[in-house]
Asks: 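Starting off with a structure, shown below.
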Amino acid sequence: MAEQILKVNGVEICAESFGKPTDPAILLIMGAQMSMLWWEEEFCQRIAEAGRFVIRFDNRDVGRSTTYEVGQPGYTFEDMADDAVHVLDAFGVQQAHIVGMSMGGMLTQIIALRHPERVRTIILHATSNFAPDLPPIDEKLMEFFSNMGEINWEDEHEVLAAAVASSKVLIGSKHPFDEARVRELAQIDIARSNHYASKNNHAFVTASEPYLLRTAEIAVPALVIHGTEDLLIPFAHALHLANNIPGAVLLTLEGTGHELPRGDWDIVIEAILKHTSGRRVRL
């Protein structure tokens with residue numbers, strides 16, 4: 001199905017679906033500053049072909065969804081979580097499996113607590129509840145981002161180079177960096193974005209309620225997926241989630257960084273399909 005612009009929750013959200021609406025629904029929520037394109041089309045199609053109705057969408061301030069003046073997002077994480085639920089409404093989905101990566105995993109936790117009746121299961125990929133005693137971002141990444149300097153957002157070549165470099169520094173040692181594919185996706189992302197620089201607003205978004213302090217209250221089946229070489233959100237965060245969410249299962253990706261590389265697709269897709277094969281959750 002082609003991209004659709006949905007008018008939900010007072011904003012415009014761009015979304016796309018794969019597969020049959022009669023199949024169990026899986027909603028994919030991407031991380032900060034990343035549009036839905038980073039849930040790659042082939043990845044989505046493979047899950048859909050296995051009997052799932054897959055929906056991906058652009059969060060606010062990325063892709064073709066509503067954007068705001070840089071530095072002034074004017075919305076909260078709760079608003080973003082509610083956007084996701086309204087996307088389900090637009091597709092006529094009453095209850096879905098929610099898969100969130102990085103910031104998308106934070107939103108997934110909020111949805112599971114804020115809208116439990118809409119959630120069958122959750123899958124938390126490369127994410128955290130950011131408990132205060134967990135390790136911070138790795139110094140290597142801190143140094144990289146500190147040395148990037150100001151980006152001229154009007155210079156497409158400079159913006160593209162920064163996007164590729166930022167992706168490369170996040171990878172682990174297990175899989176080679178597919179620079180050609182990342183460059184291709186970034187080019188498409190930049191071209192289709194309403195205002196590409198607005199993606200930086202995700203760094204300014206806050207929550208109005210302490211949902212991430214309530215991880216232990218999540219009452220749906222949870223699968224935690226995390227790479228052991230994640231420098232942005234260290235692996236200890238995954239252990240914490242798996243230990244705090246009742247009954248959670250942990251899938252460890254040895255040698256993987258803060259990424260979803262094609263080399264991990266087989267194991268990740270198999271895990272998603274297994275985790276989402278159960279009966280409807282009744283709350």
Side-chain angles (χ1 to χ4, degrees), residues 17-20 23-31 34 36-57 84 88 93 95-109 111-112 118-129 170-175 178 181 215 218-230 232-281:
S17 65
F18 303 80
K20 301 176 183 177
D23 285 336
I26 293 181
L27 182 69
L28 304 175
I29 310 178
M30 186 38 74
M34 310 292 280
M36 68 179 180
L37 294 186
W38 299 93
W39 295 113
E40 294 191 47
E41 185 172 333
E42 182 183 341
F43 180 85
C44 297
Q45 288 175 336
R46 285 180 56 179
I47 297 173
E49 288 168 3
R52 304 291 186 274
F53 181 53
V54 179
I55 304 169
R56 65 178 185 175
F57 69 99
L88 294 180
V93 173
Q95 196 175 56
H97 305 279
I98 315 292
V99 183
M101 182 167 182
S102 196
M103 182 191 73
M106 292 172 52
L107 297 176
T108 299
Q109 293 171 68
I111 294 168
R118 307 301 299 273
V119 182
R120 296 183 68 170
T121 69
I122 60 172
I123 299 175
L124 306 174
H125 189 180
T127 191
S128 179
N129 67 354
L170 294 175
I171 70 167
S173 63
K174 184 177 181 180
H175 304 289
D178 190 348
R181 180 56 176 160
T215 306
I218 292 176
V220 296
L223 171 64
V224 178
I225 304 175
H226 214 105
T228 58
E229 296 183 13
D230 191 331
L232 185 64
I233 302 177
F235 186 67
H237 292 243
L239 296 174
H240 180 78
L241 282 178
N243 288 331
N244 279 270
I245 299 174
V249 175
L250 174 63
L251 172 60
T252 300
L253 302 177
E254 295 288 346
T256 295
H258 196 78
E259 54 181 330
L260 181 54
R262 186 176 292 266
D264 281 342
W265 282 10
D266 286 349
I267 187 173
V268 169
I269 290 173
E270 180 182 4
I272 289 174
L273 294 175
K274 180 180 178 180
H275 187 70
T276 60
S277 63
R279 296 174 63 85
R280 178 185 176 91
V281 176

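What you see is a predicted model; the values in this text were computed from it and never measured.
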Asks: Can you see whether R52 engages T276 through a side-chain donor-acceptor pair at a distance of less than 3.5 angstrom?
Replies: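 Yes, side-chain donor-acceptor contact under 3.5 Å.
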
Asks: If you take all heavy atoms of G255 and T228, which pair is closest and at what distance?
Replies: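 Closest approach of G255 to T228, heavy atoms only: N-OG1, 2.8 Å.
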
Asks: Working to the nearest 0.5 angstrom, can you tell me the gap between I272 CD1 and I225 CD1?
Replies: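 It is 5.5 Å, given to the nearest 0.5 Å.
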
Asks: I need the H226 NE2 to T256 OG1 distance, nearest 0.5 Å.
Replies: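 One finds 10.5 Å between NE2 of H226 and OG1 of T256.
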
Asks: Give the minimum heavy-atom separation between P24 and G51, together with the two atoms involved.
Replies: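 Heavy atoms only, the tightest pair is CD-O, 3.5 Å.
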
Asks: At what distance, to the nearest 0.5 angstrom, does CH2 of W38 lie from CG of L260?
Replies: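 These two atoms lie 11.5 Å from each other.
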
Asks: For V119 and A112, work out which heavy atoms get closest and say how close.
Replies: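 Closest approach of V119 to A112, heavy atoms only: CG2-CA, 4.1 Å.
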
Asks: Using a 3.5 Å distance criterion without hydrogens, assess whether the side chain of R56 forms a donor-acceptor pair with backbone atoms of W39.
Replies: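 Between the backbone of W39 and the side chain of R56 there is a qualifying donor-acceptor contact (under 3.5 Å).
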
Asks: Tell me whether the count of non-hydrogen atoms from other residues, nucleotides or ligands lying under 6.0 Å of CD in Q45 goes above 12.
Replies: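 Counting other residues, nucleotides and ligands, CD of Q45 exceeds 12 neighbours.
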
Asks: Just verifying a value: how many Å separate L241 CG and I122 CD1, rounded to the nearest 0.5 Å?
Replies: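 So the CG of L241 and the CD1 of I122 are separated by 8.5 Å.
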
Asks: I'd like to know if R181 and E40 make a salt bridge, using a cut-off of under 4.0 Å between side-chain N and carboxylate O.
Replies: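 Salt bridge present between R181 and E40.
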
Asks: Rounded to the nearest 0.5 Å, how far apart are NE2 of H175 and CG of D264?
Replies: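 So the gap between those two atoms works out to 3.5 Å.
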
Asks: Within the distance-only criterion (no hydrogens, no angle test), does the side chain of T127 pair as donor or acceptor with the backbone N or O of L124 below 3.5 angstrom?
Replies: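 Side chain of T127 to backbone of L124, a donor-acceptor pair under 3.5 Å: no, none is there.
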
Asks: Does V268 offer a backbone N or O that forms a donor-acceptor pair with the side chain of E270 under 3.5 Å?
Replies: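 Looks like no, no N/O pair under 3.5 Å.
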
Asks: Any side-chain donor-acceptor pair under 3.5 Å between H237 and S128?
Replies: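 Distance-only check passes for H237 and S128.
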
Asks: Do you know which of L88, I26, L27 makes side chain to side chain contact (heavy atoms under 4.5 Å, CB included) with V93?
Replies: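 Testing V93 for a side chain to side chain contact (heavy atoms under 4.5 Å, CB included) against L88, I26, L27 leaves exactly one candidate, L88.
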
Asks: Check whether H240 reaches the backbone of N129 with its side chain - one donor and one acceptor, N or O, closer than 3.5 Å.
Replies: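 Absent.
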
